[in-house]
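Some notes on the structure that comes next.
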Amino acid sequence: MSHIDMRQFMCLSDNYGLIIHDSVTGATASIDAPDADAVEAQLKKFGRQLTHIFTTHHHADHVDGNLRLKELFGCKIIGPKAEADKIPGIDIQVSGGDKFIWSHREVMVYDCPGHTSGHIAFGIANEFSLFAGDTVFAMGCGRVIEGTLEQMYHSVNQFKTLSPSTYVYCGHEYTEANCSFALTLEPGNRHLQNRAVQVAAKRARGEMTCPTTIAEELQTNPYMRCNSPEIRSVLGMETATDVEVFAEIRTRKNNFKG
Ligand code: ZN
Ligand code: FE
């Protein structure tokens with residue numbers, strides 16, 4: 001099977017842009033479209049024509065480039081059915097459990113309500129890739145704005161069963177702050193301590209810290225570790241349910257000053 005090239009870049013203040021490209025078929029998709037100029041510049045740099053946009057949710061920093069890129073390239077926009085009325089230029093509406101073929105590969109759609117009520121993620125199992133939008137971040141998860149904390153718990157934790165080697169592409173570079181917060185909950189987690197050192201070094205060099213992997217998140221992401229005895233003891237929630245622990249962690253994060 002042909003190779004898919006993944007080009008990730010920073011845009012706006014802390015958004016990730018990502019362009020995936022199949023050199024054999026020429027199929028080229030932008031995962032979200034935070035900024036048309038930034039996406040166009042990347043396409044030009046590598047001589048690519050945009051054929052698709054995969055939209056995860058309706059926030060401006062994920063859809064602002066849709067109409068301009070569609071005008072430039074005539075690309076097809078695939079996005080969440082549940083918030084289709086808020087996705088500029090949407091052509092194809094999808095929701096959790098749907099599968100579609102993109103450049104000979106099966107793309108799986110996951111419902112991820114919480115950050116927004118219709119948020120979706122896209123997975124390409126053949127490429128060990130998950131495009132998580134603002135649902136999962138490195139050592140973090142998105143702010144719960146439209147949905148409930150319980151929905152967000154399920155949205156994040158459904159990915160624990162993906163292959164551990166799956167690369168997780170996130171919507172934002174929030175890694176350092178997430179890591180500082182995670183350390184307050186699990187100061188004794190060696191994986192987290194090691195990751196903090198690696199992340200600080202990468203950021204000091206101005207490098208991106210994503211994609212992450214499911215394996216790394218299972219070891220260090222507090223939102224996937226609600227059953228950790230250390231987290232539960234720090235929170236004084238030894239007998240609570242995982243959903244309750246998740247809700248407490250996500251609520252504390254809103255007030256955390258790293
Ligand atoms: Zn968002
Ligand atoms: Fe965002």
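Small disclaimer: the values here were computed from a predicted structure and weren't measured. Both ligands and their constituent atoms are indexed starting at 1 by order of listing. All heavy atoms count here, side chains included; hydrogens, waters and symmetry mates do not. Numbers here simply count residues along the sequence, with the first being 1.
Minimum-distance N/O/S atom of H57 relative to the Zn ion (ligand 1): NE2.
Between G147 and Q151, the shortest heavy-atom contact is CA-OE1, 3.1 Å. Closest non-hydrogen pair, A33 versus N66, comes out as CB-OD1, 3.5 Å. In plain terms, the two heavy atoms of L50 and S30 that are nearest each other are CD1-N, 3.5 Å. Taking all atoms of both residues into account, the shortest heavy-atom contact from R225 to L218 is NH1-O, 2.9 Å.
Grouped by direct or indirect side-chain proximity (heavy atoms under 4.5 Å, Ile/Leu/Val/Met/Phe/Trp/Tyr only), V94 sits with I4, M6, L18, I20, I31, F54, I78, I92, F100, W102, V107, V109, I120, F122, I124, F131, Y167, Y169.
In summary, no N, O or S atom of H62 is located under 2.8 Å from the Zn ion (ligand 1). Counting backbone and side-chain atoms alike, D134 contributes an N/O/S atom closer than 2.8 Å to the Zn ion (ligand 1).
Listed by chain and residue number, the protein N/O/S atoms under 2.8 Å of the Fe ion (ligand 2) are D61 OD2, H62 NE2, D134 OD2, H172 NE2, with waters left out.
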Can you list, pair by pair, the side-chain donor-acceptor contacts under 3.5 Å of residues 67-76, counting residues two or more places apart and other chains?
from, atom 1, to, atom 2, distance (Å)
R68, NH1, E71, OE2, 2.8
K70, NZ, G89, O, 2.7
K70, NZ, D91, OD1, 2.9
K70, NZ, D91, OD2, 3.1

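Here E173 pairs with Y16, T175, T209 under the side-chain hydrogen bond (donor to acceptor under 3.5 Å, both in side chains) rule; sequence neighbours left out.
Between H115 and H59, the gap from one ring centroid to the other is short of 6.0 Å.
Seen from the Zn ion (ligand 1), atom NE2 of H115 and atom ND1 of H59 lie 80° apart in angle, a value rounded to 10°.
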